[in-house]
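See below for the structure under consideration.
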Protein chains: 2
Amino acid sequence: MKKKVKITSIEVANLAGVSQSTVSRAFTTESPVAKKTREKVISIAKRIGYQPNAMARSLITRKSNMVGIVISNVTSNPFYPEVLDLLSRKFQENGQKVMLFVVHRDQSLDDILPQLLEYQVDGILITAVTLSSAMAFECERWGTPVTLFNRYVPGSNASWFCCDNIAGGRTVGQLFIDSELKRPAYIAGSENTSTSIDREKGFMEIMNENGIKTLREVGNYNYNDAYAAAIQLVDRPNPVDSIFCSNDIMAFGALDAIRSGMDLKVPEDVSIIGFDDIPMASWPSFNLTTVRQPVRRMVDASVEDLISRIKTPEKPPNQKVIMGEMIVRGSSRIPSEVSMS
Amino acid sequence: MKKKVKITSIEVANLAGVSQSTVSRAFTTESPVAKKTREKVISIAKRIGYQPNAMARSLITRKSNMVGIVISNVTSNPFYPEVLDLLSRKFQENGQKVMLFVVHRDQSLDDILPQLLEYQVDGILITAVTLSSAMAFECERWGTPVTLFNRYVPGSNASWFCCDNIAGGRTVGQLFIDSELKRPAYIAGSENTSTSIDREKGFMEIMNENGIKTLREVGNYNYNDAYAAAIQLVDRPNPVDSIFCSNDIMAFGALDAIRSGMDLKVPEDVSIIGFDDIPMASWPSFNLTTVRQPVRRMVDASVEDLISRIKTPEKPPNQKVIMGEMIVRGSSRIPSEVSMS
DNA sequence: TTTACCATTGCATAGGTATGCAGAATTATT
DNA sequence: AATAATTCTGCATACCTATGCAATGGTAAA
């Protein structure tokens, strides 16, 4: 339909009566060009619809101004769309384009990272996905900085920023104990994720310290599995009186299971606490007590880290744990005055 | 920390004792290379960690194998993360990388499209964002095909694929009428979106045909505004008995407003119907009657259209409307036998 | 054995921009 | 007005890979 002729800087140069170099310089802010010349070039460029070719530029500057974002669980947990939104916005503000990969369970990072490296991304941000140390090494060899969001890799020199999941788990446990709940349970997310493992660890620590036996089910970070798990925990001889779910979505599943499925009351019969504090948690239907992840700060820290390591490759990686905040709403019993020491 | 030396095809060539051309050909499936040579090259490449530079390749082939996805509402409506997930997966399956832009209300497409064109994307897919005809023209001039998902631009020659929003609105209206509801209302999304306008149009058509007066509020496609709007509609002398919300998230807001806010019953006092059928709609807490958008088919159609127009630029654009499906659940009164003709 | 033919390979160049260096044009200095 | 100091500009080249064309080698046909 249309002439597929790409307009190059040379044509602009010819029309403006200058050299190609000058056109190039006109489009680079710091380059030395007479103000008048630049204006002429820019105006002609606009008229004929010229735009610099980022590929050619990247080839020579060795900077693509692209970062790779690898993410998963975008549909199963509303927390991650929010993360993606914030990440993407922040990268844009810093002049970085985003190459996105949404990973599914049937895919491995090992197939995705090479594609990112092939496109010369300046850095890679990985969230909700576990990075193998082999791949971490591959990126290191390639000289591309990697930052993990809410995951970590022990051996590597990737940066990472996590919510303090262990502390979060402890806080929840402590709240249950202060509320004199005696039969707690934990519904795990996906078994091999550090987030679920750490939240469980903190929670169980507190329970062990207080000599309280704790049940455990697996909800795979999704609503339906958590719904079923909650039924298991309650529909038994010695039902639990409190459930800590490793994320909010599962907490909703548990809530619905307890209320609609079992026809019990929350928090009178069962206290339920989640993790994330996604926007829905504050909706009247759920009114969920939960641990708020400091998304903004985690995003800011991650992006700033990655960008600074792109600018200064010799910088060492950063690793930081950021505290969450307990948000008490109506789905959990409140500690009575008496029981508070 | 690391030597930032990029490994090029020339080094592989030297080590393998072949020319750079041969290395290049070894990495291109259809190129004529002796099987043995290719194996040697590949193995050496793997050993020293060589990967072709996609930028350089794109420069010469004039194909970036990247498409741009422009999206918004990623956090406010769970429908769009799902769309993004499916789109991204489908593009990946077709060997296209995705450059992502998440647009916010304070941003204009006019700033974003040039960035995509600068990076030589082979095509652009826009969803949840309105494209100005000026920008449509700009892409056309550049020779880059554009496909719209759930939006359309009257004048342009962009492709678009929409759910049949008018028909969806009519179906909802008809259901209310069959259920003998007499005081219906519509809660609009964002005023200037074609989706909200069309759903309203279909709904109002039916109401007008039946001579039923219909109230109207605006919910801006978000939970809180719809919550407030629903209160308005019910907390008044002559309260409504049925509400059609332009998407599911607003329907949840309306539900919570009616039940928690006003302490009324759904569907006994008020019937509520949404649009989208996001996964949450089937949760027991909501159990929402809604119009399911045929996401899969819309995604498949959009991606296939864009890819085919990338391969064959002279192909004319496609425009198609795809029917949704009414999913009846518990939030709406069911037509009695008697009232069915 | 000679000729024809096919499968591989290398050479040379193109794709569009950025940048060091040197020359040209302009301004400041005396 | 002449010279020195700046500011601009153009030339030539590099970035890395893909590909048309010609040359090479080898094999099959005669």
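Here is the naming used below: chain letters follow the sequence lines, and residue numbers restart at 1 for every chain. Here the structure is a predicted model, which means the values were calculated and not measured.
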What is the distance, rounded to the nearest whole Å, between atom [atom1] of [X] and atom [atom2] of [N]?
X: L59(B); N: dA14(D); atom1: CG; atom2: P; value: 17 Å
X: N14(B); N: dG10(C); atom1: CG; atom2: C1'; value: 13 Å
X: E11(A); N: dG15(C); atom1: CD; atom2: P; value: 11 Å
X: R57(B); N: dG16(C); atom1: CZ; atom2: P; value: 17 Å
X: M55(B); N: dT17(C); atom1: CE; atom2: C1'; value: 13 Å
X: K35(B); N: dT9(C); atom1: NZ; atom2: P; value: 14 Å
X: I60(A); N: dT17(D); atom1: CD1; atom2: C1'; value: 15 Å
X: R38(B); N: dA7(C); atom1: CZ; atom2: C1'; value: 13 Å

Tell me whether the OP1 or OP2 atom of [N] has a side-chain N or O from [X] closer than 4.0 Å.
X: S24(B); N: dT17(D); value: no
X: S9(B); N: dT17(D); value: yes
X: T8(A); N: dG16(C); value: no
X: S19(A); N: dG10(D); value: yes
X: R62(B); N: dG16(C); value: yes

Name the nucleic acid region contacted by [X], choosing base, sugar-phosphate or nothing; use a 4.0 angstrom heavy-atom cut-off, strictly under.
X: T61(A); value: sugar-phosphate
X: V33(B); value: sugar-phosphate
X: V18(A); value: sugar-phosphate
X: S58(B); value: nothing
X: T28(B); value: nothing

Quick check for you: among [options], whose closest atom lies nearest to any side-chain atom of [X]?
X: A34(A); options: dA18(C), dC8(D), dT17(D); answer: dC8(D)
X: T22(B); options: dG16(C), dG10(D), dT9(C); answer: dT9(C)
X: N53(A); options: dG10(C), dG16(C), dT19(D); answer: dG16(C)
X: Y50(B); options: dT17(C), dT17(D), dT9(C); answer: dT17(D)

Q) Which heavy-atom pair separates I42(B) from A26(B) by the least distance, and what is that distance? A) CD1-O, 3.9 Å
Q: Please state whether the base of dG10(C) and the side chain of R25(B) form at least one donor-acceptor pair under 3.5 Å?
A: yes
**Q.** hbond_proxy S21(B) side chain to dC11(C) base (donor-acceptor, 3.5 Å cutoff)
**A.** yes
Q) Is the F79(B) ring parallel, tilted or perpendicular to the F149(B) ring (thresholds 30°, 60°)? A) tilted
Q | Parallel, tilted or perpendicular: rings of Y152(B) and W160(B) (30°, 60°) | A | tilted
Q) What about the rings of Y50(B) and F27(B), do their centers lie closer together than 6.0 Å? A) yes
Q: State plainly whether the residues E304(B) and K90(B) are in salt-bridge range, i.e. N to O under 4.0 Å.
A: yes
(Q) Whether the side chain of S194(B) engages the backbone of R151(B) through a donor-acceptor N/O pair (distance < 3.5 Å, no angle test) should be reported. (A) no
Q) Start at the 5' end of DNA chain C and walk down; is the nucleotide closest to Q20(B) or to Q20(A) reached first? A) Q20(B)
